[in-house]
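Everything quoted here is computed from the prediction, not taken from an experiment. Positions are given from 1 along the sequence.
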Amino acid sequence: MNIIIQQHCDGINWQDVADLLTFYGLSSLDAKTQELVFRNSYAVVFLMEKNRVVGVGRALSDGVCQAAIYNIALAQHLHGQQYGRLIVDKLVDQVKQCNIILYTHPQTVEFYKNLGFEVMKTGMARYQADHITDMRNMGFI
């Protein structure tokens with residue numbers, strides 16, 4: 001398997017990104033909006049296989065002291081092969097001077113604990129009205 005790591009947005013098939021994030025319930029935004037989201041992020045990581053996006057992640061940051069990691073997704077055929085860890089490690093490397101928070105699906109909490117993240121006791125969120133029911137149903141809140 002020949003996986004290429006890309007840490008910029010040039011040449012990305014944004015439909016691949018939208019499809020991957022939609023598959024895992026991480027986002028329902030269309031390809032054009034995903035491009036805007038990723039281009040406006042502080043750090044990005046894409047895993048490419050045969051010119052297809054098979055893994056993604058992004059970080060928001062001030063570049064000085066605070067960062068947040070979002071949208072980690074990996075094609076199913078790559079699970080269990082350390083590629084998820086690779087995406088997170090590449091993002092952390094780009095914001096290593098910062099405190100990092102991470103927003104994840106309830107089923108992946110243990111994965112991130114194994115990467116050194118701690119569960120927060122005081123995390124809070126304010127969701128848009130059209131998302132709050134979904135977030136409750138998926139176990140986020």
Side-chain donor-acceptor contacts of residues 132-141 below 3.5 Å, not counting sequence neighbours, with atom names and distances?
residue, atom, partner, partner atom, Å
N137, ND2, T133, O, 3.4

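There is no path of hydrophobic side-chain contacts, each under 4.5 Å, that joins M48 to L91. L29 and L36 fall into different hydrophobic clusters, where Ile, Leu, Val, Met, Phe, Trp and Tyr residues are linked whenever their side-chain heavy atoms come under 4.5 Å apart, directly or through other members. In the hydrophobic clustering of this structure, L78 groups with V45; members are Ile, Leu, Val, Met, Phe, Trp, Tyr whose side-chain heavy atoms approach within less than 4.5 Å, directly or through other members. Linking ILVMFWY residues whenever their side-chain heavy atoms come closer than 4.5 Å, directly or via other members, places L115 and I69 in the same cluster. Each of I5 and V44 belongs to its own hydrophobic cluster when Ile, Leu, Val, Met, Phe, Trp and Tyr are linked at side-chain heavy-atom distances under 4.5 angstrom.
Rounded to the nearest 0.5 Å, atoms CD1 (I101) and CE (M120) are 6.0 Å apart. How far CD1 of I100 is from CD of Q97: 8.5 Å, rounded to the nearest 0.5 Å.
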Candidate pair K113 and E110, rule salt bridge (charged side-chain N to carboxylate O under 4.0 Å, His left out), full reasoning: CA-CA 5 Å; K113 281 176 151 182; E110 289 304 314; 3.3 Å; yes
Q81 vs I3, side chain to side chain contact (heavy atoms under 4.5 Å, CB included): CA-CA, chis, key distance, verdict: CA-CA 12 Å; Q81 300 176 53; I3 302 295; over 6 Å; no
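The side chain to side chain contact (heavy atoms under 4.5 Å, CB included) test with V54 singles out one residue from L20, D16, L47, I4, and that residue is L47.
Side chain of S61 to main chain of Q66: a donor-acceptor pair is present (N/O by atom type, distance under 3.5 Å, no hydrogens or angles). In terms of modelled atom types and a separation under 3.5 Å, the side chain of H79 and the main chain of L74 share a donor-acceptor contact. Using modelled atom types, no side-chain atom of Q34 and backbone atom of Q15 make a donor-acceptor pair closer than 3.5 Å. Side-chain atoms of S41 do not come within 3.5 Å of backbone N or O of L60 as any donor-acceptor pair.
For the pair C98 and G63, the tightest heavy-atom approach, listed with the atom from each and the gap, is SG-C, 4.2 Å. The two residues D62 and V64 come nearest to each other via the heavy atoms OD1-N, 2.8 Å. Taking every heavy atom of both residues into account, A43 and Q94 meet most closely at CB-OE1, 3.3 Å. Scanning both residues, N13 and V53, for their nearest heavy atoms gives O-CG2, 4.0 Å. Scanning both residues, G57 and I72, for their nearest heavy atoms gives CA-CD1, 3.7 Å.
The pair K32-E35 does not count as a salt bridge, with every side-chain nitrogen at least 4.0 angstrom from each carboxylate oxygen.
Within the structure, no pair that satisfies the ring pair (Phe, Tyr, Trp, His ring centres under 6.0 Å) test touches residues 111-138, not counting sequence neighbours. The ring pair (Phe, Tyr, Trp, His ring centres under 6.0 Å) pairs that include a residue from residues 45-74 are W14-F46, F38-F46, Y70-Y103, where partners are two or more places apart or lie in different chains.
Atom CG of N51 has 12 or fewer heavy atoms from other residues, nucleotides or ligands within 6.0 Å. Atom CD of Q107 has more than 12 heavy atoms from other residues, nucleotides or ligands within 6.0 Å. Heavy-atom contacts from other residues, nucleotides or ligands closer than 6.0 Å to CZ of R39 number more than 12.
Looking at heavy atoms from C-beta onward, V17 lies out of side-chain contact with V37 at the 4.5 angstrom threshold.
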